[in-house]
Amino acid sequence: VCTGTDMKLLRPSSPESHYETLRHLYQGCQVVQGNLELTYLPPDADTTFLQDIKEVQGYVLIAENQVSGLELQNLRIIRGTQLFQERYALAVVGNAGPAGAPGLRQLGMRHLTEILKGGVRIEGNPQLCFQETILWADIFHRHNELRGETLVESARSRSCEHRGGAGGQAGPREGARGVSSITPLSAGPDCRALCPEGHCWGEGPQDCQT
């Protein structure tokens with residue numbers, strides 16, 4: 001069990017010590033008693049210190065990071081005893097560096113199955129893929145009164161393609177005018193090549209929403 005933080009979007013005075021503080025807080029931790037706030041992480045940050053976290057009792061805030069991914073694949077439940085902006089149990093906002101710099105590319109929360117209280121806000125992440133394929137309604141607890149507070153933006157500056165997922169290859173043969181069925185590169189993510197239901201957290205077969 002570890003304590004969590006309550007810093008919101010406050011910019012740390014020293015990025016290096018900020019990273020070390022987070023690593024020290026969450027290394028080996030399975031249950032975060034407060035909020036899990038992951039902010040201002042640089043592109044090369046090693047986030048394996050997050051891989052044991054299974055439960056967050058407050059909210060999860062992922063904001064202003066340049067790192068491409070976070071090792072939150074074992075997170076199962078967000079309780080929402082505290083909420084970001086009094087509404088959100090999960091907020092993923094502004095995860096992109098300056099022009100040309102990397103940013104968060106996928107959520108990868110493949111075991112997240114329950115949000116007891118609070119909504120979801122995903123906004124301003126130009127590199128992020130797959131967030132709009134998730135069935136958030138399946139994750140919200142049936143008694144979650146804020147389940148309607150769901151804002152999932154999917155504007156992005158890159159194409160979302162599964163590695164090795166040749167989803168559009170057979171398109172042109174489907175009919176005389178079948179060419180129109182080829183998915184343009186700028187299209188949104190297609191999980192169907194790997195996930196039968198078409199809902200995924202990332203670009204590997206292990207990332208299907210179950």
Practice item. In sequence, state the C-alpha distance, the side-chain angles, and the governing distance for Val31 and Gln57, and then conclude on side chain to side chain contact (heavy atoms under 4.5 Å, CB included). Key: CA-CA 8 Å; Val31 177; Gln57 294 187 352; 3.8 Å; yes
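- A salt bridge links Lys8 to Asp6: at least one charged side-chain nitrogen sits closer than 4.0 Å to a carboxylate oxygen.
- The neighbour count for Glu197 CD, taken as heavy atoms of other residues, nucleotides or ligands under 6.0 Å away, does not exceed 12.
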Check your understanding: What do the steps show when you test Tyr59 against Glu37 for side-chain hydrogen bond (donor to acceptor under 3.5 Å, both in side chains), and what is the final call?
Key -> CA-CA 8 Å; Tyr59 61 77; Glu37 298 177 317; 2.6 Å; yes
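- Under the 4.5 Å side-chain criterion, counting only non-hydrogen atoms from C-beta, Asn95 is not in contact with Glu64.
- Residue Tyr19 holds its OH atom at 8.5 Å from CG of Asp44, rounded to the nearest 0.5 Å.
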Exercise for review: Determine, stepwise, if the pair Glu132 / Arg156 fulfils salt bridge (Lys or Arg N to Asp or Glu O under 4.0 Å).
Suggested key: CA-CA 12 Å; Glu132 73 271 34; Arg156 59 178 64 91; 2.9 Å; yes
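- The side chain to side chain donor-acceptor pair (under 3.5 Å) with Arg121 is formed by just one residue from the set Gln85, Glu153, Glu149; it is Gln85.
- Cluster membership check: Val56 shares its hydrophobic cluster with Leu41, using side-chain heavy-atom separations under 4.5 Å among Ile, Leu, Val, Met, Phe, Trp and Tyr.
- Hydrophobic clustering of Ile, Leu, Val, Met, Phe, Trp and Tyr side chains at less than 4.5 Å, counting indirect connections, unites Leu72 with Val152.
- A heavy-atom distance below 4.5 Å is found between the side chains of Ser157 and Gln127.
- For the pair Met7 and Pro12, the minimum side-chain heavy-atom distance is 4.5 Å or more.
- In this structure, the separation between CD on Gln66 and CG on Leu104 is 11.5 Å, given to the nearest 0.5 Å.
- Cluster annotation: Leu38 and Leu75 are assigned to the same hydrophobic cluster (Ile/Leu/Val/Met/Phe/Trp/Tyr, side-chain heavy-atom contacts under 4.5 Å, transitive).
- Leu107 and Phe130 end up in different hydrophobic clusters when Ile, Leu, Val, Met, Phe, Trp and Tyr side chains are linked at under 4.5 Å.
- Rounded to the nearest 0.5 angstrom, Gln206 CD and His111 NE2 are separated by 10.0 Å.
- Ion pairing between a basic and an acidic side chain is recognised when a charged N comes within 4.0 Å of a carboxylate O; Glu55 and Arg79 show such pairing.
- The backbone N or O of Tyr40 sits less than 3.5 Å from a side-chain atom of Asn65, completing a donor-acceptor pair.
- Put simply, the residue from Leu90, Thr5, Val60 that forms a side-chain contact (heavy atoms from CB on, under 4.5 Å) with Leu36 is Val60.
- Here the straight-line distance linking atom CD of Gln33 with atom CD of Gln82 works out to 11.0 Å at 0.5 Å rounding.
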Exercise for review: Check step by step if side chain to side chain contact (heavy atoms under 4.5 Å, CB included) holds for Gln106 and Cys160.
Suggested key: CA-CA 10 Å; Gln106 57 189 38; Cys160 298; over 6 Å; no
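- Pairing of Cys200 with Cys208 by a disulfide is not supported, the SG atoms lying 2.5 Å or further apart.
- Side-chain contact between Ile62 and Asn125 is absent, with no heavy-atom pair separated by less than 4.5 Å.
- The closest donor-acceptor contact from the side chain of His199 to the backbone of Thr133 lies under 3.5 Å.
- When atom types are taken as modelled, the side chain of Gln209 and the backbone of Leu135 share a donor-acceptor pair closer than 3.5 angstrom.
- Shown are Leu112, Asn35, Val32; of these, the side-chain contact (heavy atoms from CB on, under 4.5 Å) with Ile78 is made only by Leu112.
- Atom CG of Leu25 sits about 11.5 Å away from atom CD of Glu20, to the nearest 0.5 Å.
- Cluster membership for Ile122 and Leu83, using ILVMFWY side-chain heavy atoms within less than 4.5 angstrom, is not shared.
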Point to revise | Working for side chain to side chain contact (heavy atoms under 4.5 Å, CB included), residues Glu203 and Leu194 | key: CA-CA 9 Å; Glu203 46 191 40; Leu194 292 172; over 6 Å; no
Practice item. Just do the side chain to side chain contact (heavy atoms under 4.5 Å, CB included) check on Glu145 and Lys117 with the steps written out, would you? Key: CA-CA 7 Å; Glu145 292 165 7; Lys117 182 184 175 188; over 6 Å; no
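- Gln131 and Ser154 get closest at one heavy-atom pair: NE2-CA, 3.7 Å.
- Between Asn144 and Leu116 there is no side-chain heavy-atom pair separated by less than 4.5 Å.
- Between the side chain of Arg147 and the backbone N or O of His141 there is at least one donor-acceptor pair closer than 3.5 Å.
- Side-chain contact check for Leu61 versus Val93: some heavy-atom pair is nearer than 4.5 Å.
- Between the side chain of Asp207 and the main chain of Trp201, no donor-acceptor pair closer than 3.5 Å is present.
- Here Cys29 contributes atom SG and Gln27 contributes atom CD; the two are 10.5 Å apart, rounded to the nearest 0.5 Å.
- In terms of modelled atom types and a separation under 3.5 Å, the side chain of Thr47 and the main chain of Leu50 share no donor-acceptor contact.
- Residues Val120 and Trp136 have side chains in contact (heavy-atom distance under 4.5 Å, counting atoms from C-beta outward).
- Residues Phe140 and Leu146 are not in side-chain contact: their nearest non-hydrogen atoms beyond the backbone lie 4.5 Å or more apart.
- Ring geometry for Phe49 versus Tyr26: interplanar angle under 30°, hence parallel rather than tilted (30 to 60°).
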